[in-house]
Amino acid sequence: MSALTALWAVPLAGAVACALAGRAARWWALISGAAFLALAAAAVRLSWQAGAVLAVTDALPGAFGVSYKLAADGFSLSLVALTAFLNLVCVAASWELEVSAGYWACFCFLASALSGVFLARDLFVFYVFWEATLIPMFFIIGLWGSDNRRHAAVKFFLFTFAGSIFMLLALIAIVVAHQRATGVWTWDLDALRGTDLGAAAPWAFLGLLVGFGVKIPMVPLHTWLPDAHTEAPAAGSVMLAGVMLKMGLYGLIRVALPLLPSVAESWLPILGTLAGINAVYGALCAMAQTDLKRLIAYSSIAHLGFCLLGVFSGTSQGLTGAALQMVNHGITTGALFLMVGFLYERAHKRGVADFGELAARAPRLAFFFGLATFASIGLPGLNGFVGEFMCLSGAAESPILFVGVPFFALLGVVGVTLAAAYALPAYQTVFWAPAGPGSASPRVGDLRPRESAILWTLSGLMLWIGLAPRGWLALLEPSLRGLVK
Amino acid sequence: MNPFALTLAPQAALAAGVLGSLGLGLLGRPRPWGARALVLLAPLAALFAVRYAPLSFDPPLIVVDAPGLAWQIVIYAGALPLALCFSGDDVEAALFLGATLGMGLLAAAANLPMLFVGLEFMSLPAYLLVARAGRGGRSRRLEAAVKYFFAGALAGALFLLGLALYYAETGRLGPGAGALGAMGRAGVSLMAAAALFKIGAVPLHWWLPDVYEAAAPEVAGFLSTSMKAAAVLFLVRVIQIAPAPVFAAVLPWLGAVTALVGALLALRQRGLQRLLAYSSLSHAGLLILGVGAWVRLGGDSGALTALLFYLGVYALMSNGAFAFLAATGLETRSDLRGFAARAAGPAAAFAVLLFALAGIPPTGGFVAKLLIFWQALRAGLALPTALAAVATLVSLGYYLGLVRDMYFEAPEGAAPAASAAPSAPARYVLLACALGALALGAAPFLLRGLGGILR
């Protein structure tokens with residue numbers, strides 16, 4: 001067992017402690033969350049210094065060719081660190097909520113399972129962690145969400161499970177094909193690379209694509225997302241949008257593309273088009289929303305479309321941009337969901353039209369909201385710009401042309417333009433436009449120190465990645481180089 | 001010691017238990033503690049004896065092979081929850097131990113007549129057990145028991161008819177008949193149909209929900225685990241003794257359809273015990289799919305391991321779920337609303353079992369389902385496996401629905417009064433089963449030798 005085990009065992013221990021602690025549960029969530037973040041930060045630092053792969057644990061072999069194998073490269077660790085960071089943000093943001101111990105236990109358990117997803121290098125272990133994330137999120141939405149929470153929780157679970165059961169069949173098919181060719185049973189991701197599935201390969205890729213695509217989400221598998229994000233409590237939305245959507249992209253980059261590169265290559269035109277549709281369709285839907293949470297939820301679909309464009313551009317620049325944009329989106333959208341949560345706590349409303357003139361009443365909130373909105377649009381100097389630029393320039397280099405122009409980049413540019421068109425009017429209405437007669441604005445006070453502190457850290461990260469992305473790219477690039485040809 | 005004595009030592013322990021229970025009845029005064037002690041000790045002794053059974057012993061009537069012994073472990077272990085919750089008299093003790101003994105005989109049967117003896121030996125006491133230790137009114141219990149009896153009698157008759165046809169053509173009662181003609185194949189199919197009847201394959205399942213619903217919860221748990229394990233082994237034995245090409249084509253599809261139909265019917269149920277009955281039907285479908293994969297892989301030990309592991313995990317999951325009903329006395333889904341707020345511990349244990357039944361990691365139910373899917377894909381059964389995956393998805397509708405009822409819904413009015421007397425030992429059974437089902441999620445690492453048991 002190596003130190004990597006601690007990266008999922010510590011939050012899991014925190015979950016157990018929370019469940020047993022009763023009223024003191026939030027302290028255990030804070031302690032284990034802080035410990036998790038410290039461990040993740042130390043791991044990132046080591047990885048920075050050491051290069052691509054930090055450590056491969058001694059694989060602990062089990063029955064049926066399954067082995068307990070974890071490994072961490074820069075790509076994995078950046079997402080583990082994002083998980084740890086947002087987990088702590090969620091604990092801090094929910095600190096004053098009157099909730100039972102289960103709430104804190106669910107968040108710790110979720111952090112543990114997510115961390116495991118990003119570290120696992122054995123497909124069995126990967127799938128176990130992957131599915132284990134559903135259980136805490138199901139309870140977080142269903143128990144502590146808003147009015148329509150029961151429906152949203154079940155829908156979320158059913159959609160993801162439907163995707164992942166076909167993913168499971170695809171994984172089994174790959175394992176079986178590998179055994180037929182070599183006579184060895186193994187679920188080891190690295191050993192399975194290069195397995196030839198023959199005629200079954202497109203079906204296996206389709207299974208993986210559905211499993212990961214539901215999570216990303218790829219249009220038309222996205223319909224669970226607006227409900228889940230809207231009905232979840234604020235911290236739940238942060239984890240959902242901030243980390244859980246990244247699982248799909250991570251799986252695509254880590255599992256689907258390396259295992260079945262030839263199918264991916266021949267499907268690239270279709271996949272890139274789907275990604276472009278994601279970016280444009282998500283933005284168009286976001287423009288039509290009147291509920292702030294729903295608007296941010298649809299904007300996530302658009303942003304993940306950009307990441308997909310980067311991945312399917314088939315260029316290393318696009319891929320690195322996508323990986324960076326995954327982290328960026330977690331920070332930015334996390335901040336936005338958090339602030340809408342703060343608004344909802346105060347006013348019990350979250351419609352765009354329910355507010356007005358908030359900049360005068362809550363200047364600090366207006367500042368942070370503006371910063372996050374601009375980061376989300378992709379304003380230079382903030383983190384969103386770096387990621388989107390790299391995704392788009394990757395897409396522009398992609399060899400697939402449509403009437404002589406790089407088609408994917410074209411779709412991406414349309415998406416970027418639309419981002420300004422949905423985000424800015426909403427920001428303007430809520431914070432600057434005159435308040436209507438029934439406005440909820442008078443009930444909104446400005447941020448308290450605890451809330452400001454949380455948003456300062458998030459904003460600091462946005463600026464850091466935006467102004468000095470080199471270090472982050474140096475963390476990601478070496479690990480991505482080996483994954484895709 | 002004489003190896004023959006050790007060969008049937010597990011069965012002998014159970015037979016001693018049966019005789020002891022009957023002897024208690026002769027004493028005149030009722031002695032409930034005696035019956036309880038016998039009911040618990042006999043299966044434990046049998047479990048202990050399995051360890052010492054010699055593998056090599058191979059007389060004409062009985063066989064002691066690795067699958068038979070492994071299955072006996074699952075069968076006796078699956079009977080322990082009922083033994084722990086047992087509250088009946090000496091007659092019920094004799095019936096329960098007699099049924100278990102029949103399963104033990106079935107596991108050791110080397111030819112077709114011995115299989116029939118085992119089948120009848122395990123079935124007859126079970127009919128009476130349902131009639132005596134039932135839930136609800138006397139007429140309902142009797143109706144279910146009579147239905148069970150007729151279904152069982154039909155299965156027995158089918159088996160005998162098939163045996164006669166098979167014998168008429170081949171002149172054999174055991175294995176080694178070679179290629180079969182039309183009559184032999186019809187005979188083999190009839191014998192397999194008898195096994196499928198006992199497992200509850202669609203469309204031979206009509207008796208099952210009524211029986212499980214009318215039985216006491218812990219008895220239903222016993223029927224759905226030990227009895228189901230014995231019935232699957234019965235099917236495996238019939239195919240081992242008299243293989244026919246028809247099985248490879250029919251069983252996978254039959255399994256997938258059973259899984260799907262069971263799941264779809266369970267969606268509509270309001271009564272909890274009936275819901276669990278249909279859910280067990282759906283699980284039986286996966287088991288039949290596993291048997292189909294085993295046939296297509298040419299009697300491979302990997303597929304048999306998958307079946308065995310599935311049955312072992314299912315023994316925990318199903319016994320645990322029925323123990324929840326016994327421990328709480330809840331009857332319908334609306335009783336379950338808001339239950340988590342009233343009793344956090346049992347609700348959490350039941351939720352773990354439901355996630356396990358649905359096959360969601362990190363529970364043992366997931367590993368079990370994975371192994372079956374894996375073997376089925378290995379056998380090239382892509383479409384039936386996909387259909388079974390759809391059935392799993394459908395089953396999530398009610399498993400998740402029950403969790404939703406318990407945790408997310410507010411109770412309707414006052415807390416419902418438990419209609420049956422809650423059973424205290426059932427709480428411990430529930431807890432133990434939930435912990436076991438959770439721990440088996442790490443089965444590949446906990447039971448590293450599992451792949452080699454049946455070699």
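Proteins get letters first, then strands, A, B, ... in listed order; numbering begins at 1 in each.
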query = What class does the angle between the rings of A:F138 and B:F408 fall in, given that below 30° is parallel, 30 to 60° is tilted and above 60° is perpendicular?
reply =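 Aromatic pair A:F138/B:F408 classed tilted.
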
Where do [X] and [Y] come nearest, in terms of heavy atoms and distance?
{"X": "B:P362", "Y": "A:V128", "result": "CB-CG1, 4.0 Å"}
{"X": "A:L158", "Y": "B:L393", "result": "O-CD1, 4.2 Å"}
{"X": "B:F445", "Y": "A:Y68", "result": "CE2-N, 3.4 Å"}
{"X": "A:I135", "Y": "B:P361", "result": "CD1-O, 3.6 Å"}
{"X": "A:R180", "Y": "B:R378", "result": "NH2-O, 2.8 Å"}

ask   = What distance do B:E409 atom CD and A:R150 atom CZ have between them, rounded to the nearest 0.5 Å?
value =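 One gets 4.5 Å once the value is rounded to the nearest 0.5 Å.
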
ask   = CG/B:L377 to CD1/A:I174 distance, rounded to the nearest 0.5 angstrom?
value =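 One gets 11.0 Å once the value is rounded to the nearest 0.5 Å.
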
Per-residue contact mode, [X] against chain B (heavy atom under 4.5 angstrom):
{"X": "A:L143", "value": "both"}
{"X": "A:W187", "value": "side chain"}
{"X": "A:F129", "value": "neither"}
{"X": "A:W185", "value": "side chain"}
{"X": "A:A200", "value": "neither"}
{"X": "A:L168", "value": "side chain"}

task = Report the C-alpha separation of B:Y399 and A:F157 in whole Å, then their side-chain angles, then the decisive distance to 0.1 Å, and conclude whether the ring pair (Phe, Tyr, Trp, His ring centres under 6.0 Å) test is met.
result = CA-CA 12 Å; B:Y399 292 131; A:F157 202 118; over 10 Å; no

Pair A:F166-B:V390, side-chain contact (heavy atoms from CB on, under 4.5 Å): steps then yes or no = CA-CA 9 Å; A:F166 290 104; B:V390 172; 4.2 Å; yes

query = Does a sphere of radius 6.0 Å around CH2 in B:W253 hold more than 12 heavy atoms from other residues, nucleotides or ligands, not counting ones at 6.0 Å or beyond?
reply =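 Atom CH2 in B:W253 is crowded, with more than 12 foreign heavy atoms closer than 6.0 Å.
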
inquiry  = Within a 6.0 Å radius of atom CZ on B:R296, are there more than 12 heavy atoms belonging to other residues, nucleotides or ligands?
reply    =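 More than 12 heavy atoms, drawn from other residues, nucleotides or ligands, come within 6.0 Å of this atom.
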
query = Are any of the side-chain heavy atoms of B:L370 and A:F124 separated by less than 4.5 Å?
reply =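 They are in contact (side-chain heavy atoms under 4.5 Å apart), so the answer is yes.
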
Side-chain heavy atoms of B:I360 within contact of A:L134, under 4.5 Å =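 They are not in side-chain contact.
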
message = If I measure from the heavy atoms of chain A, does B:Y407 come under 4.5 Å with its side chain, its backbone, both, or neither?
response =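 Answer is both: backbone and side chain atoms of B:Y407 are under 4.5 Å from chain A.
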
ask   = So what's closer than 4.5 Å to chain A heavy atoms on B:A358: side chain, backbone, both or neither?
value =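 Contact with chain A involves the backbone of B:A358 alone.
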
